[in-house]
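Notes for the one structure printed next.
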Amino acid sequence: MNDRTMLVTGATGVLGREILRRAHETGCPVRALTRRTTPPDLPGATGTDWRTGDLVTNVGLDAALIGVDTVIHCASDPRRPKDDLPAFRHLLDAARRAGVRHIVNISIVGIDQVPLKYYRVKLEVERLLAESGLGWTNLRATQFPQLLDGMLTTLARLPVLPMLAGTPCQPVHPAEVADRLITLALGQPVGHAPDFGGPEIHPSTELAASWLRATHPRRRRVLPVHLPGRLGTALRQGHLTTPAHPDGTTTWSDYLATRRA
């Protein structure tokens, strides 16, 4: 039995749920932070020690981190990115007070190349982590298929489905990212870990077309859209992909097959 307690933030999100399912297999005591006063009932998370706390308001963090060896930090809110920085500062301060040995952070491939406000925030989180004085590991991953699925579902309300032309995409399944994060969490801090991407890179227009075939019985058309400016250029140059690290095994087709099932 491993007594190195592992705390997961963002545990009710897409990635956090996958981490909880797998973390129990390590033999480590697993703890998770939630803003709810009643523990969430998540499939596969039986045995999780839920602690109530709020990273943004800095409530409950000291109690949640007592006896914690390693934190896997997945909490983030793209809708309110300004909250991510104070939340992470609060986590780092509480981790120092608690004597946490290792913080593992999930980040995004391309945040230093793609000019998006949310990505600038993620890059600042990486800087804070590296300068924290704590043992740290940072993993950048490509986009989850669930994210693409949600975006396409919204766009499909239009008569045609607009999609960025000439833009490569490399979806990676969150379960495989979760496995990598847990492996890193159980090891020694490594700083910046190698990027982690899905097994295949596709033009985003092809991903959209295959998604339409899998989800819409009536024939629909994808409309390639040219995005101008620095953002469009960065996306077309493939900065959201990591061709040197196609480490995942679940393809986009595999995801669509599961979705249909």
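Since we're looking at a predicted model, the values are computed, not measured.
Here the side chains of Leu181 and Phe196 are not in contact, with every heavy-atom distance at 4.5 Å or above. Side-chain atoms of Ser76 and Lys122, non-hydrogen and from C-beta on, do get closer than 4.5 Å to each other. The side-chain heavy atoms of Val71 and Leu7, taken from C-beta on, include a pair separated by under 4.5 Å. Looking at heavy atoms from C-beta onward, Thr48 lies out of side-chain contact with Pro39 at the 4.5 angstrom threshold. Looking only at side-chain heavy atoms (C-beta outward), Leu148 and Trp211 stay at 4.5 Å or farther from each other. Side-chain atoms of Leu116 and Leu231, non-hydrogen and from C-beta on, do get closer than 4.5 Å to each other. Looking at Arg89 and Leu85, their side chains come closer than 4.5 Å, going by heavy atoms from C-beta outward. At least one side-chain heavy atom of Val172 sits under 4.5 Å from a side-chain heavy atom of Phe144.
To the nearest 0.5 Å, atoms CD1 (Ile182) and CD (Glu25) are separated by 7.5 Å. Rounding to the nearest 0.5 angstrom, the gap separating the CG atom in Leu128 from the CD1 atom in Ile103 is 11.0 Å. Atom CG of Leu92 and atom CZ of Arg97 lie 10.5 Å apart (nearest 0.5 Å). Atom CG in Leu164 sits 10.0 Å away from atom NE2 in His226 (nearest 0.5 Å). In this structure, Leu240 CG and Ile111 CD1 are separated by 11.0 Å, a value rounded to the nearest 0.5 Å. With rounding to the nearest 0.5 angstrom, the CG atom of Asp69 is 7.5 Å from the OG1 atom of Thr5.
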Exercise for the section: Start with the C-alpha gap between Asp247 and Thr242, add the side-chain angles, then the distance that decides, and say whether side-chain contact (heavy atoms from CB on, under 4.5 Å) holds. Expected result: CA-CA 10 Å; Asp247 299 316; Thr242 177; over 6 Å; no
Exercise for the section: Would you please test His173 and Thr249 for side-chain hydrogen bond (donor to acceptor under 3.5 Å, both in side chains) and show each step? Expected result: CA-CA 8 Å; His173 200 283; Thr249 60; over 6 Å; no
Practice task
List the steps and the verdict of side-chain contact (heavy atoms from CB on, under 4.5 Å) for Arg101 and Thr70.
Solution key: CA-CA 6 Å; Arg101 179 186 67 89; Thr70 302; 3.5 Å; yes
Practice task
Mind running side-chain contact (heavy atoms from CB on, under 4.5 Å) on Met163 and Leu212 for me, showing each step along the way?
Solution key: CA-CA 12 Å; Met163 184 51 59; Leu212 280 175; over 6 Å; no
Exercise for the section: Determine, stepwise, if the pair Glu124 / Arg127 fulfils salt bridge (Lys or Arg N to Asp or Glu O under 4.0 Å). Expected result: CA-CA 5 Å; Glu124 178 65 7; Arg127 186 189 69 79; 2.5 Å; yes
Exercise for the section: Report the C-alpha distance between Trp136 and His192 in whole Å, list the side-chain angles of each, state the deciding distance to 0.1 Å, and finish with yes or no for side-chain contact (heavy atoms from CB on, under 4.5 Å). Expected result: CA-CA 8 Å; Trp136 64 278; His192 287 292; 3.6 Å; yes
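Nearest approach of Leu33 to Trp50, heavy atoms of both residues: O-CZ3, 4.4 Å. Closest heavy-atom contact between Glu176 and Gly248: OE1-CA, 3.2 Å. Residues Thr142 and Gly197 approach most closely at OG1-CA, 3.4 Å, considering heavy atoms. Nearest heavy atoms, Pro199 versus Thr250: CD-O, 3.4 Å. Between Ala94 and Leu65, the shortest heavy-atom contact is CB-CD1, 3.4 Å. Across all their heavy atoms, Tyr119 and Gln143 have their closest contact at OH-NE2, 3.5 Å.
Residues Phe88 and Leu123 are members of separate hydrophobic clusters, defined by side-chain heavy-atom contacts under 4.5 angstrom among Ile, Leu, Val, Met, Phe, Trp and Tyr. In the hydrophobic cluster analysis, where Ile, Leu, Val, Met, Phe, Trp and Tyr join through side-chain heavy atoms closer than 4.5 angstrom, Leu129 is grouped together with Val121. In the hydrophobic clustering of this structure, Leu15 groups with Leu20; members are Ile, Leu, Val, Met, Phe, Trp, Tyr whose side-chain heavy atoms approach within less than 4.5 Å, directly or through other members. Under the 4.5 Å side-chain contact rule for hydrophobic residues, Val222 and Met151 share a cluster. Hydrophobic clustering of Ile, Leu, Val, Met, Phe, Trp and Tyr side chains at less than 4.5 Å, counting indirect connections, keeps Leu91 apart from Ile72.
Of the possible donor and acceptor atoms, one in the side chain of Gln170 sits under 3.5 Å from a partner among the backbone N and O of Gly198. Asp84 places a side-chain N or O within 3.5 Å of a backbone atom of Asp77 that can act as its donor or acceptor partner. Side-chain atoms of Thr241 never come within 3.5 Å of backbone atoms of Pro168 as a donor-acceptor pair (strictly under, hydrogens ignored). Of the possible donor and acceptor atoms, one in the side chain of Arg220 sits under 3.5 Å from a partner among the backbone N and O of Ala156. With Thr154 contributing its side chain and Gly150 its backbone, the two residues share a donor-acceptor pair below 3.5 Å. In this structure a side-chain-to-backbone donor-acceptor pair under 3.5 Å is missing from Arg236 to Thr167. Under a 3.5 Å cut-off, the side chain of Arg51 and the backbone N or O of Arg31 do not form any donor-acceptor pair. Judged by distance alone, the side chain of Thr52 and the main-chain N or O of Arg36 form a donor-acceptor pair under 3.5 Å.
Ion pairing of Glu18 with Arg21 is present here, as a side-chain N (NZ or NE/NH1/NH2) and a carboxylate O approach within less than 4.0 Å. With respect to the salt-bridge test (charged N to carboxylate O, under 4.0 angstrom), the residues Arg140 and Asp195 do not qualify.
Heavy atoms from other residues, nucleotides or ligands lying under 6.0 Å from CZ of Arg96 number more than 12.
Put simply, the residue from Asp149, Asp254, Thr215 that forms a side chain to side chain donor-acceptor pair (under 3.5 Å) with Arg259 is Asp149.
With hydrogens and angles left out, the side-chain atoms of His90 and Thr57 include no donor and acceptor closer than 3.5 Å.
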